[in-house]
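Sequential numbering from 1 along the given sequence is applied to the chain's residues. Read the numbers this way: they start at 1 and go in the same order the structure lists the ligands and their atoms.
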Amino acid sequence: MKPLNVGLIGYGFMGRTHSNAYRRVPNFFNLEYTPVLKVVCGRDAEKTKEFAKQWGYESTETDWRKVIDRKDVDVIDICTPNNSHKEIAIAAAKAGKAILCEKPLAMNAEEGREMVAAVEAAKVPNMVWYNYRRVPAVTLAKQLIDQGKLGRIFHYRAQFLQDWTISKDLPQGGTALWRLDVAAAGSGVTGDLLAHCIDTAIWLNGSMDSVAAITETFVKERKHNLTGKVEKVGIDDACTFFGRFKNGSLANFESTRYARGHKALYTFEINGEHASIRWDLHDLHRLQYFDHRDEGILRGWRSIHVTDPDHPYMKHWWVPGLQIGYEHTFVHQVADFIESYQSGKPAHPTFKDALETQIICDTVLKAAKTGCMEQVPAV
Ligand SMILES: NC(=O)c1ccc[n+]([C@@H]2O[C@H](COP(=O)([O-])OP(=O)(O)OC[C@H]3O[C@@H](n4cnc5c(N)ncnc54)[C@H](O)[C@@H]3O)[C@@H](O)[C@H]2O)c1
């Protein structure tokens with residue numbers, strides 16, 4: 001097998017999920033290339049070395065620019081907070097590296113456009129880690145919709161609910177809490193959580209036309225870990241938006257980090273002319289399906305256990321009935337990326353696909369400020 005040398009930048013939560021995926025993929029997928037964990041980059045030399053030892057990276061760096069300069073690296077994997085994606089990605093594109101970037105693509109659409117221009121000018125393979133597309137049940141939903149099983153779509157509703165920032169004593173900024181700091185995150189739940197819902201939605205149901213939104217920041221000031229001072233909180237703690245897709249269906253989305261009892265409750269439901277589907281991240285291996293065309297006395301919601309070999313991705317894993325989980329979505333994404341790397345075809349979502357999500361996020365935040373229905377600009 002040919003080596004695909006990976007340079008990982010940032011070794012936090014996503015650094016771990018991606019490293020696991022690179023290690024697992026050659027065991028379960030037959031691919032021409034096999035990922036080689038060439039170098040991991042973090043700012044703390046000792047901690048980076050510890051990570052490298054635990055996950056099997058050959059070497060470490062403390063400056064991401066050195067990773068990009070290395071001739072023995074083919075792919076730059078960006079797993080750092082959102083405010084560094086643009087600079088790293090543009091430098092990587094200029095160096096001719098393939099780029100895998102964590103979501104959201106950027107801090108805002110303006111940055112996203114620059115990133116898309118850079119990868120397109122350099123003609124380098126690029127992909128964004130909207131991994132929920134690769135949950136087999138979600139991929140199955142895509143297949144059912146594309147086969148026309150739902151008919152005309154009327155409604156798409158999604159929620160992403162968490163409860164980890166309710167305490168007013170939680171600081172903002174720095175390690176682990178950069179998501180509360182608008183300067184590092186760009187936005188709150190809109191860019192962090194709704195971006196996932198939007199990516200899945202436009203993949204399943206097409207582009208969006210217009211949105212109206214309301215956001216709230218429940219805790220207005222928090223101590224900042226980097227300055228030690230109490231500072232204004234600039235992120236949206238909660239966001240609810242509705243709108244219209246270009247196919248005429250209605251959108252209804254909600255996200256919050258203040259839904260006591262919910263940790264990562266990502267759900268969506270799509271209602272079509274003939275059938276509806278529903279999915280829930282807490283039960284990710286199942287797809288709920290209702291078909292009005294079923295015989296009357298048998299009509300009802302089916303709970304499809306997505307574990308058969310003819311279900312998406314499942315032939316690569318165990319035997320029917322045995323389910324897989326969250327980490328496998330990243331393995332699938334690496335496998336799909338390598339296939340596209342081999343064939344020269346784009347691996348979706350590309351930077352350009354992710355720019356569309358970024359534009360919708362920006363439009364949602366704009367609509368929350370203006371209080372008006374806002375048109376979603378073209379990509
Ligand atoms: N696809 C998903 O479902 C998903 C889930 C979580 C996070 N994310 C995204 O992944 C990215 C990282 O999030 P995370 O949860 O892994 O964060 P994290 O805080 O766990 O890890 C971030 C890492 O980046 C490092 N870092 C920061 N600045 C750096 C720099 N200049 N050079 C090198 N390393 C640097 C930090 O030290 C840390 O190791 C974010 O963009 C986030 O939105 C995506």
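- If you take OG on Ser19 and CG on Leu37, they are separated by 6.0 Å, rounding to the nearest 0.5 Å.
- The nearest heavy-atom contact from the protein to atom 32 (N) of ligand 1 is Arg43 CG, 3.8 Å.
- When each atom of ligand 1 is checked for a heavy atom of Tyr11 under 4.0 Å away, the hits are 39 (O).
- If you check which protein heavy atom lies closest to atom 6 (C) of ligand 1, you get Arg179 NH2, 3.3 Å.
- Counting only N and O atoms by type, the side chains of Thr165 and Asp237 include no donor and acceptor under 3.5 Å apart.
- Every ring pair (Phe, Tyr, Trp, His ring centres under 6.0 Å) that His196 has, sequence neighbours left out, goes to Tyr130, Tyr132.
- Aromatic ring centres of Tyr289 and Trp301: separated by at least 6.0 Å.
- For atom 23 (C) of ligand 1, the closest non-hydrogen atom of the protein is Cys79 O, 3.7 Å.
- Counting only heavy atoms of the protein, atom 40 (C) of ligand 1 lies nearest to Asn82 OD1, 3.4 Å.
- Atoms of ligand 1 lying under 4.0 Å from any heavy atom of His196, numbered from 1 in the order shown and given with element: 1 (N), 2 (C), 3 (O).
- Counting atoms of ligand 1 from 1 in the listed order, those under 4.0 Å from a heavy atom of Pro81 are 22 (C), 24 (O), 27 (C).
- Regarding atom 44 (C) of ligand 1, its nearest protein heavy-atom neighbour is Glu102 OE1, 2.9 Å.
- Nearest protein heavy-atom contact of atom 20 (O) of ligand 1 is Phe13 N, 2.9 Å.
- Defined by atom type and a distance below 3.5 Å, a donor-acceptor pair is missing between the side-chain atoms of Glu269 and His155.
- Between Phe51 and Tyr11, the ring planes are tilted. Angles from 30° to 60° get that label.
- Under a 4.0 Å N-O distance rule, the pair Glu61/Lys66 does not qualify as a salt bridge.
- By the 4.5 Å heavy-atom criterion applied to side chains, His328 and Trp317 are counted as neighbours.
- If you number the atoms of ligand 1 from 1 as listed, the ones under 4.0 Å from a heavy atom of Trp129 come out as 1 (N).
- Residue contacts with ligand 1: Tyr132 is placed with no nitrogen or oxygen under 3.5 Å of a nitrogen or oxygen of the ligand (distance criterion only).
- Between the side chains of Ser210 and Arg244, not a single donor N or O lies within less than 3.5 Å of an accepting N or O.
- The shortest N or O to N or O distance between Phe330 and ligand 1 is not under 3.5 Å.
- Nearest-heavy-atom check against atom 42 (C) of ligand 1 across Lys103, Arg65, Met14 picks out Lys103.
- Remark: distances from the non-hydrogen atoms of Arg16 to ligand 1 are all 4.0 Å or more.
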| query | Yes or no on salt bridge (charged side-chain N to carboxylate O under 4.0 Å, His left out) for Asp199 and Lys103, after CA distance, side-chain angles and deciding distance? | reply | CA-CA 10 Å; Asp199 174 74; Lys103 51 59 60 181; over 6 Å; no
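- Residue His85 has at least one nitrogen or oxygen atom sitting less than 3.5 Å from a nitrogen or oxygen atom of ligand 1, judged on distance alone.
- Within the 4.0 Å heavy-atom cutoff, Pro104 counts among the residues contacting ligand 1.
- Geometric assessment of Lys263 against the ring of Trp164 yields a negative cation-pi assignment under the 6.0 Å and 45° thresholds.
- Between Trp318 and Phe28, the ring-plane angle classifies as perpendicular under the 30° and 60° cut-offs.
- Close contacts between ligand 1 and Gly12 involve ligand atoms 16 (O), 20 (O), 21 (O), 23 (C), 39 (O) [criterion: under 4.0 Å to a heavy atom].
- Closest to atom 35 (C) of ligand 1 among all protein heavy atoms lies Thr80 CG2, 3.5 Å.
- With respect to atom 17 (O) of ligand 1, the closest heavy atom belonging to the protein is Trp178 NE1, 3.4 Å.
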